[in-house]
Amino acid sequence: MNDVWFSEPVVIDLKPNGRRKVSSCFEAMECLDQRWPGQARDGAWRSASRVCRDALDGLRSPVEARKTLRKAAKVAGLLA
C-alpha cells in the first residue's frame with residue numbers, strides 16, 4: 001500500500017502533546033488511531049478514518065481525505 005500525500009498539510013493541536021502537521025493519509029490514520037482524544041471519536045472521526053483508509057486503497061482522492069480530516073479536527077476543536 002502506497003501513501004497518499006495531501007497538497008497541503010493539516011495542522012492539528014493534540015493537547016498536551018502540541019501541534020502536528022499531517023501531510024499524508026498514512027500520517028492521518030496514525031493520528032486518528034493512536035493520538036486522537038477518546039472523547040472526540042465521533043461521527044466526523046469515523047468518517048475521516050474511513051475516507052483516509054479508502055484513499056490509501058485508491059478508492060478516494062487525497063482531496064476528499066484531507067477535507068474529512070480537517071472537518072473531524074474542526075468538530076473536535078483540534079484544528080490549529
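Each residue takes its place number in the sequence, starting with 1. Since the structure is predicted, the reported quantities are computational estimates derived from the model, not experimental observations. All values below were derived from every heavy atom in this structure, side-chain atoms included, with hydrogens, water molecules and symmetry-related copies excluded.
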*asked:* Just verifying a value: how many Å separate Cys31 SG and Leu14 CG, rounded to the nearest 0.5 Å?
replied: 4.5 Å

*Sidechain-backbone polar pair: Glu27 side chain, Ser23 backbone, donor-acceptor under 3.5 Å*: yes

*Please round to the nearest 0.5 Å and tell me the distance separating atom OG of Ser24 and atom CG of Leu56.*
7.5 Å

*Answer yes or no: is there a side-chain heavy-atom contact under 4.5 Å between Leu69 and Cys25?*
no

*Carefully, step by step, assess Ser49 and Asp33 under the rule side chain to side chain contact (heavy atoms under 4.5 Å, CB included).*
CA-CA 8 Å; Ser49 183; Asp33 289 344; 4.2 Å; yes

*asked:* Applying a strict under-4.5 Å side-chain criterion to I, L, V, M, F, W and Y, I'd like to know whether Val51 and Trp45 cluster together.
replied: no

*To the nearest 0.5 Å, tell me how far Leu78 CG sits from Lys15 NZ.*
7.0 Å

*Okay, side chain of Asp3, backbone of Phe26: is any donor-acceptor separation there less than 3.5 Å?*
yes

*Could you pull out all residues at least two apart from Ala72 that satisfy side-chain contact (heavy atoms from CB on, under 4.5 Å)?*
Trp36, Ala44, Ala48

*Apply side chain to side chain contact (heavy atoms under 4.5 Å, CB included) to the pair Arg46 and Arg41, showing each step before the final yes or no.*
CA-CA 7 Å; Arg46 280 190 296 279; Arg41 293 184 180 210; over 6 Å; no

Donor-acceptor contacts under 3.5 Å from residues 61-68 side chains, at least two apart:
{"unit_1": "Ser61", "atom_1": "OG", "unit_2": "Val63", "atom_2": "N", "d": "3.4"}
{"unit_1": "Ser61", "atom_1": "OG", "unit_2": "Glu64", "atom_2": "N", "d": "3.1"}
{"unit_1": "Ser61", "atom_1": "OG", "unit_2": "Glu64", "atom_2": "OE1", "d": "3.4"}
{"unit_1": "Glu64", "atom_1": "OE1", "unit_2": "Ser61", "atom_2": "N", "d": "3.0"}
{"unit_1": "Arg66", "atom_1": "NE", "unit_2": "Glu8", "atom_2": "O", "d": "2.6"}
{"unit_1": "Thr68", "atom_1": "OG1", "unit_2": "Glu64", "atom_2": "O", "d": "3.2"}
{"unit_1": "Thr68", "atom_1": "OG1", "unit_2": "Ala65", "atom_2": "O", "d": "3.1"}

*asked:* Between Arg70 (side chain only) and Val11 (backbone N and O only), is there a donor and an acceptor less than 3.5 Å apart?
replied: no

*Under a single-linkage rule joining Ile, Leu, Val, Met, Phe, Trp and Tyr whose side-chain heavy atoms are separated by less than 4.5 Å, which residues share a cluster with Trp5?*
none

_Hydrophobic clusters here meaning ILVMFWY residues chained together by side-chain heavy-atom distances under 4.5 Å, can you tell me if Ile12 and Phe6 are in one?_
yes

